[in-house]
A.B. asks: 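Here it is, the structure in full.
The chains referred to below are lettered A, B, ... by the order of the sequence lines, with proteins before strands, and numbering in each begins at 1. Hydrogens, waters and symmetry mates play no part in the numbers below; they use all other heavy atoms, side chains included.
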Number of protein chains: 2
Amino acid sequence: MKIQEVSKKFELTADTLRYYERIGLLPHIGRNESGIREYSEEDCAAIDFIKCMRSAGVSIESLLEYVTLFKEGDKTRAARKAILMEEREKLQDKMEIMEATMDRLNWKIENYYKWVDDNGAELKKQHNCAELEAAARQEQKRAAGPKKRAPKKTTSSK
Amino acid sequence: MKIQEVSKKFELTADTLRYYERIGLLPHIGRNESGIREYSEEDCAAIDFIKCMRSAGVSIESLLEYVTLFKEGDKTRAARKAILMEEREKLQDKMEIMEATMDRLNWKIENYYKWVDDNGAELKKQHNCAELEAAARQEQKRAAGPKKRAPKKTTSSK
DNA sequence: AGTTGACTTAGAGTGGACTCCAGTTGCTAC
DNA sequence: GTAGCAACTGGAGTCCACTCTAAGTCAACT
């Protein structure tokens, strides 16, 4: 398979594929007589694995460690397994954090924002959510108060 | 609360807190007579919310959108709700991806790496995992084979 | 023979999210 | 009163993971 096909198949740009190869995340891909990459089934399997891990947030660094061990052969199996287990732990932790955030988001949507109608006007006032609302109210007070209105430099240099 | 306390409480560096304020993610924090930040309860609630969202991977851009609407008052409730719902969607999607990755990792650990003993030697050979193994084997063949390494630039002019 | 378009390379540039730095001010302790 | 330390400011630097550019090669088509 040529780079464009692989790119489509895995939804990774050709640049990204070349980048992965360059940093050693993918093995050196074979070239044909005119120097064009020809991805084998095995290369694709590797890409599939890497893509899966990356999309879950596994760092390139960890993946590199893993594939580096791979190249060293069977004697590194235990170390490789350890890496996978470590990454599994990390993923597990992240998922727990995300679940907590989901709960919070759900609470906010279902409780705090429940009285919002379709066309964007609010139907009732609410008064039991601290978080940003209170801070925002305070901010409004501050802004309305003394001239103290710091220049609002948004989004650094552009 | 002074910045150092807040920093400890939420495990965010003072730099990060100042950064968040600078870009408008946090409201302008009140200062005492000598210009030192004094974080209110409301500020802390906002920080707590932001930290929670950030640690789940919600982008600063989205959070900024949200707090910007907040400053515009009640008429933006519907829009704010929409943002939260969108972020909930994104989180949900991410979690699904992560779950799939977890499954894959679990499979690999439990099947592919099951015959690794404590001290790092492998006990048995395995032969039914494509992925990187095959690619690695291929790579080893390539390395052992022809000269490989040299780029074939014949007429090179830099 | 010339043009198109996919490919090649090394290397530079980008965007997001911090993180650090230099210089200054202000509080507390000795 | 001066040393030490925490805080302040604007701006520069860093890290990660790409992403883009320039200059070139090659096969196919007109």
A.B. asks: CD of Glu61(A) versus C1' of dA17(D): gap in Å, rounded?
C.D. replies: 12 Å

A.B. asks: Has Arg18(B) got a side-chain N or O lying under 4.0 Å from the OP1 or OP2 atom of dT9(D)?
C.D. replies: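 The answer is no; no side-chain N or O of Arg18(B) sits under 4.0 Å from OP1 or OP2.
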
A.B. asks: In whole Å, I'd like the distance from the CD1 atom of Ile23(B) to the C1' atom of dA17(C).
C.D. replies: 8 Å

A.B. asks: On the nucleotide dC26(D), are OP1 or OP2 found under 4.0 Å from the side-chain N or O atoms that Arg31(A) carries?
C.D. replies: no

A.B. asks: Between dA17(D), dT19(D), dC18(C), which one does the side chain of Arg54(A) approach most closely?
C.D. replies: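 Nucleotide nearest to Arg54(A)'s side chain: dA17(D).
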
A.B. asks: More 5' along DNA chain C: Ile3(A) or Gly57(B), using each one's nearest nucleotide?
C.D. replies: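 Here Ile3(A) is the residue nearer the 5' end.
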
A.B. asks: One thing to verify: whether Arg104(A) and Glu87(B) come together as a salt bridge, which I'm taking to mean a side-chain N less than 4.0 angstrom from a carboxylate O.
C.D. replies: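 Looking at Glu87(B) and Arg104(A), the cut-off is not met.
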
A.B. asks: To the nearest Å, give me how far apart CG (Leu64(B)) and P (dG15(C)) are.
C.D. replies: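 Atom CG in Leu64(B) sits about 17 Å away from atom P in dG15(C).
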
A.B. asks: For Glu21(B), is there an ion pair with Arg31(B) - N to carboxylate O distance below 4.0 angstrom?
C.D. replies: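 Salt bridge between Arg31(B) and Glu21(B), a charged N being under 4.0 Å from a carboxylate O: yes.
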
A.B. asks: Rounded to the nearest 0.5 Å, how far apart are CG of Leu63(B) and CD1 of Ile50(B)?
C.D. replies: 6.5 Å

A.B. asks: Can you measure Glu11(A) atom CD to dC18(D) atom P for me and round it to whole angstrom units?
C.D. replies: 14 Å

A.B. asks: Could you state the atom-to-atom distance from CD of Glu65(B) to P of dG16(C) in whole Å?
C.D. replies: 13 Å

A.B. asks: Would you find a donor on one side and an acceptor on the other, under 3.5 Å apart, between the side chain of Glu38(B) and the backbone of Met1(B)?
C.D. replies: yes

A.B. asks: Ignoring backbone atoms, test whether Tyr20(A) places a side-chain nitrogen or oxygen under 4.0 Å from the OP1 or OP2 oxygen of dC18(D).
C.D. replies: yes

A.B. asks: Taking OP1 and OP2 of dC18(C), is either one under 4.0 Å from a side-chain nitrogen or oxygen of Arg22(B)?
C.D. replies: no

A.B. asks: Report the nucleotide, chosen from dA17(D), dT19(C), dC7(C), that has the shortest atom-to-atom distance to any side-chain atom of Thr16(B).
C.D. replies: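 Of dA17(D), dT19(C), dC7(C), dT19(C) is nearest to the side chain of Thr16(B).
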
A.B. asks: It should be established whether Ser59(A) places a side-chain nitrogen or oxygen under 4.0 Å from OP1 or OP2 of nucleotide dC16(D).
C.D. replies: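 For dC16(D), OP1/OP2 do not have a side-chain N/O of Ser59(A) under 4.0 Å.
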
A.B. asks: Is the distance from OP1 or OP2 of dC27(C) to the nearest side-chain N or O of Ser34(B) less than 4.0 Å?
C.D. replies: yes

A.B. asks: Rounded to whole Å, please give me the gap between OH in Tyr19(B) and P in dA12(D).
C.D. replies: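 Distance check: Tyr19(B) OH to dA12(D) P gives 16 Å.
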
A.B. asks: Roughly how many Å is it from CD1 in Ile36(B) to P in dT24(C), rounded to a whole number?
C.D. replies: 18 Å

A.B. asks: Rounded to whole Å, please give me the gap between CD in Glu38(A) and C1' in dA27(D).
C.D. replies: 15 Å

A.B. asks: Given the ring of Tyr39(A), does Lys9(A) sit roughly above its face, with NZ or CZ under 6.0 Å from the centre of the six-membered ring and within 45° of the axis?
C.D. replies: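 No, cation not above the ring by the 6.0 Å, 45° rule.
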
A.B. asks: Return no unless some side-chain N or O of Arg37(A) is found under 4.0 Å from OP1 or OP2 of dT8(C).
C.D. replies: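 Answer is yes, contact under 4.0 Å.
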
